[in-house]
Amino acid sequence: VQLQASGGGVVAPGESLRLTCRGSENIFSTMGMAWYRQAPGKQRELVAVITVNSITNYERPVTGRFTISRDNANTAMYLQMNMLTPEDTGVYYCAADPQLIRLFRLSPDVWGQGTQVTVSS
């Protein structure tokens, strides 16, 4: 397993969670990375992308609430999720690829296992 995601859990609407994705030095020194999520009965969707140099891009549903970041020296990527809503419920995956276009096309080479996020009152 080249990437491992953690930090999911059950929270109430309005609360926060921080997800962490850890991986190899090669991934963090050479690849763009992203977070995706898949809600029950829905297709997997892109959440946010971050380049090797920490340039970021967010999908509209999470803009202003989520923050993607990475610490290449410590081989970790994060997703800070604030003001969570039930619509944020799903399995969250981290992924990496040398080519950013493949991250945006939901076809990266390297996937981590998912971590479940449940937002419920």
Side-chain angles (χ1 to χ4, degrees):
V1 177
Q2 297 192 61
L3 290 173
Q4 288 196 321
S6 62
V10 180
V11 296
E15 294 187 340
S16 299
L17 274 177
R18 188 175 83 155
L19 306 182
T20 300
C21 177
R22 297 194 179 276
S24 69
E25 288 187 11
N26 177 62
I27 287 174
F28 279 83
S29 63
T30 65
M31 298 187 189
M33 301 183 73
W35 287 99
Y36 301 86
R37 67 186 181 186
Q38 187 165 16
K42 295 187 177 181
Q43 291 187 332
R44 191 173 298 184
E45 63 179 5
L46 177 65
V47 173
V49 173
I50 187 166
T51 69
V52 171
N53 297 321
S54 293
I55 297 170
T56 59
N57 184 84
Y58 299 91
E59 294 301 295
R60 186 170 294 183
V62 306
T63 300
R65 299 187 300 121
F66 290 12
T67 302
I68 188 171
S69 61
R70 64 193 286 168
D71 180 348
N72 292 338
N74 292 303
T75 65
M77 178 179 66
Y78 306 101
L79 186 68
Q80 177 66 44
M81 305 185 293
N82 299 329
M83 296 182 288
L84 285 161
T85 74
E87 288 69 36
D88 296 315
T89 293
V91 179
Y92 283 68
Y93 300 87
C94 58
D97 198 284
Q99 297 188 31
L100 285 178
I101 189 65
R102 289 207 285 254
L103 293 171
F104 286 103
R105 289 178 176 172
L106 282 71
S107 60
D109 278 350
V110 183
W111 286 96
Q113 91 293 358
T115 185
Q116 176 71 45
V117 172
T118 302
V119 185
S120 174
S121 55

Examine distances only and state if a side-chain atom of R70 and a backbone atom of T51 form a donor-acceptor pair shorter than 3.5 Å.
yes

Say whether M31 and Y78 are linked into one hydrophobic cluster, either directly or through other cluster members, by side-chain heavy-atom distances under 4.5 angstrom.
no

Residues passing the side chain to side chain contact (heavy atoms under 4.5 Å, CB included) test with I101, sequence neighbours excluded, are Q99, R105

For the residue pair T67 and Y58, establish whether any side-chain heavy-atom pair is separated by less than 4.5 Å.
yes

Within-4.5 Å side-chain heavy-atom neighbours: I68 and V49:
no

Partner set under side chain to side chain contact (heavy atoms under 4.5 Å, CB included) for S24, not counting sequence neighbours:
N26, I27

What's the spacing between D109 CG and R102 CZ if we round to 0.5 Å?
4.5 Å

When you measure from the side chain of T115 to the backbone of S6, do you find a donor-acceptor pair of N or O atoms at a distance under 3.5 Å?
no

Test your reading of the model: is there a side-chain donor-acceptor pair from Q113 to the backbone of A5, 3.5 Å cut-off?
yes

What are the two closest heavy atoms between C94 and M77, and how far apart are they?
CB-CE, 3.6 Å

Are Y36 and L103 side-chain neighbours, meaning at least one heavy-atom pair lies under 4.5 Å?
yes

Decide side chain to side chain contact (heavy atoms under 4.5 Å, CB included) for M81 and V62; before the verdict, give the C-alpha distance in whole Å, the side-chain angles of both, and the deciding distance to 0.1 Å.
CA-CA 8 Å; M81 305 185 293; V62 306; over 6 Å; no

NZ or CZ of R37 within 45° of Y93 ring axis and under 6.0 Å
no

In short, D71 meets N74 closest at the heavy-atom pair OD2-ND2, 2.7 Å

Side chain of E25, backbone of S29: donor and acceptor closer than 3.5 Å?
no

Scanning both residues in full, the closest heavy-atom pair of V52 with N72 reads O-ND2, 3.1 Å

For a side chain to side chain contact (heavy atoms under 4.5 Å, CB included) check, start with the C-alpha distance between L106 and L46, then their side-chain angles and the critical distance, and finish with the verdict.
CA-CA 7 Å; L106 282 71; L46 177 65; 4.1 Å; yes

Could you tell me whether the side chain of W111 reaches within less than 4.5 Å of the side chain of L3, counting heavy atoms only?
no

Side-chain contact, heavy-atom cut-off 4.5 Å: E45 with E59?
no

Would you mind writing out the side-chain donor-acceptor pairs for residues 11-23 within the sub-3.5 Å range, not counting sequence neighbours?
from	atom 1	to	atom 2	distance (Å)
E15	OE1	A12	N	3.1
S16	OG	N82	OD1	2.9

Could you check D88 against R65 for side chain to side chain contact (heavy atoms under 4.5 Å, CB included), going step by step and ending with a plain yes or no?
CA-CA 11 Å; D88 296 315; R65 299 187 300 121; 2.7 Å; yes

